[in-house]
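Quick caveat, the model's predicted, so the values are computed rather than measured. Residues take their numbers from the sequence shown, with the count starting at 1. Whatever order the structure lists ligands and atoms in, that order sets their numbers, starting from 1. Basis for what follows: all heavy atoms, side chains included, without hydrogens, waters or symmetry-related copies.
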Amino acid sequence: MDQKRIGIIGAMEEEVARLKERMTDSKTESRAGMEFIRGTLCGRDAVVVRSGIGKVNAAVCAQILCDVYQVDLIINTGIAGSLNAEIEIGDIVISTETLQHDMDATGFGYEPGIIPRMDTSVFPADLRLAALAAEACAKANPDIRVFSGRIVSGDQFISDKNKKERLAKQFQGLCVEMEGGAIAQAAYLNQVPYLVLRAISDKADDSASMSYETFEAMAIRHTIRLMTELLPML
Ligand code: ADE
């Protein structure tokens, strides 16, 4: 059977550990200091990898998935800080698009977030996949709310109320994290569809570091349940 190969990236080990454990017939290869585990996950041909934190790690990882593993699709799973008062800790956000909030060429007259000399700076996610993920989430996490919209990324852990408000106002993101936008840009350059799935671990304000520690594990459980429901649907 001609099956799609799915690349799955989590920035931190905790975000992918449960997926790695579920893989069968797996083979591990190391590249750029990252372990790529190829095998069968929930009946799908998959490559699961911990990229490390931040946009550069994430982009390098996505490029390897495209070049070496020739994936047909990339899913980025993990946790994020909420930028929207409606979105609570534990809720899930599914990307419809991503943008990098720390891209700043305003000195050249560009708007914040705009990448000079590229035809877009807002990378559309695979909307068919986003709809399937929302459906899977409703089944896997019936007590949790699911939001779909823009996710913003940057090489910054946001833990300041004023910064959070500025990001929310300037970029209209639902949540903030540190990899999705870079994976999206790499996927776009390689013409590979992608999706970012994040569970909220904190409110990206002055309480962020504390609540991140408390709620990280719970938020990750929600994404793992979602992923294991979603994969057989693909
Ligand atoms: N990932 C989880 N919470 C975050 C935050 N507040 N800022 C950036 N990335 C995050």
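Close approach to Met178 involves these atoms of ligand 1, each under 4.0 Å from a residue heavy atom: 8 (C), 9 (N). Atom numbering of ligand 1 starts at 1 in the shown order; those under 4.0 Å from a heavy atom of Ala204 are 6 (N). Counting the atoms of ligand 1 from 1 in the order shown, those under 4.0 Å from a heavy atom of Ser201 are 2 (C), 3 (N).
Here's the thing with Asp202: one of its N/O atoms is less than 3.5 angstrom from an N/O atom of ligand 1.
Note on Val176: it clusters hydrophobically with Val122, by side-chain heavy-atom contacts below 4.5 Å among ILVMFWY residues.
Arg44 contributes a side-chain N or O that, together with a main-chain N or O of Leu231, makes up a donor-acceptor pair within less than 3.5 Å. Judged by distance alone, the side chain of Ser207 and the main-chain N or O of Lys203 form no donor-acceptor pair under 3.5 Å. Within the 3.5 Å criterion, the main-chain N or O of Val152 finds no donor-acceptor partner in the side chain of His101.
Between Tyr212 and Phe157, a ring centre-to-centre spacing shorter than 6.0 Å is recorded.
Residue Ala80 touches ligand 1 through its backbone alone, judged by heavy-atom distances below 4.0 Å.
In summary, the side chains of Ser30 and Glu35 do not present any donor paired with an acceptor at a separation below 3.5 Å, with no hydrogens or angles considered. With hydrogens and angles left out, the side-chain atoms of Asn141 and Arg221 include no donor and acceptor closer than 3.5 Å.
At the top of the distance list for atom 10 (C) of ligand 1, counting protein heavy atoms only, stands Val176 O, 3.7 Å. Scanning all protein heavy atoms for the shortest distance to atom 8 (C) of ligand 1 gives Gln156 O, 3.4 Å. The shortest contact between atom 4 (C) of ligand 1 and any protein heavy atom is with Phe157 CE1, 3.3 Å. Protein heavy atom in closest approach to atom 7 (N) of ligand 1: Ile158 N, 2.9 Å.
Distances from ligand 1 to the non-hydrogen atoms of Lys164 include no value under 4.0 Å.
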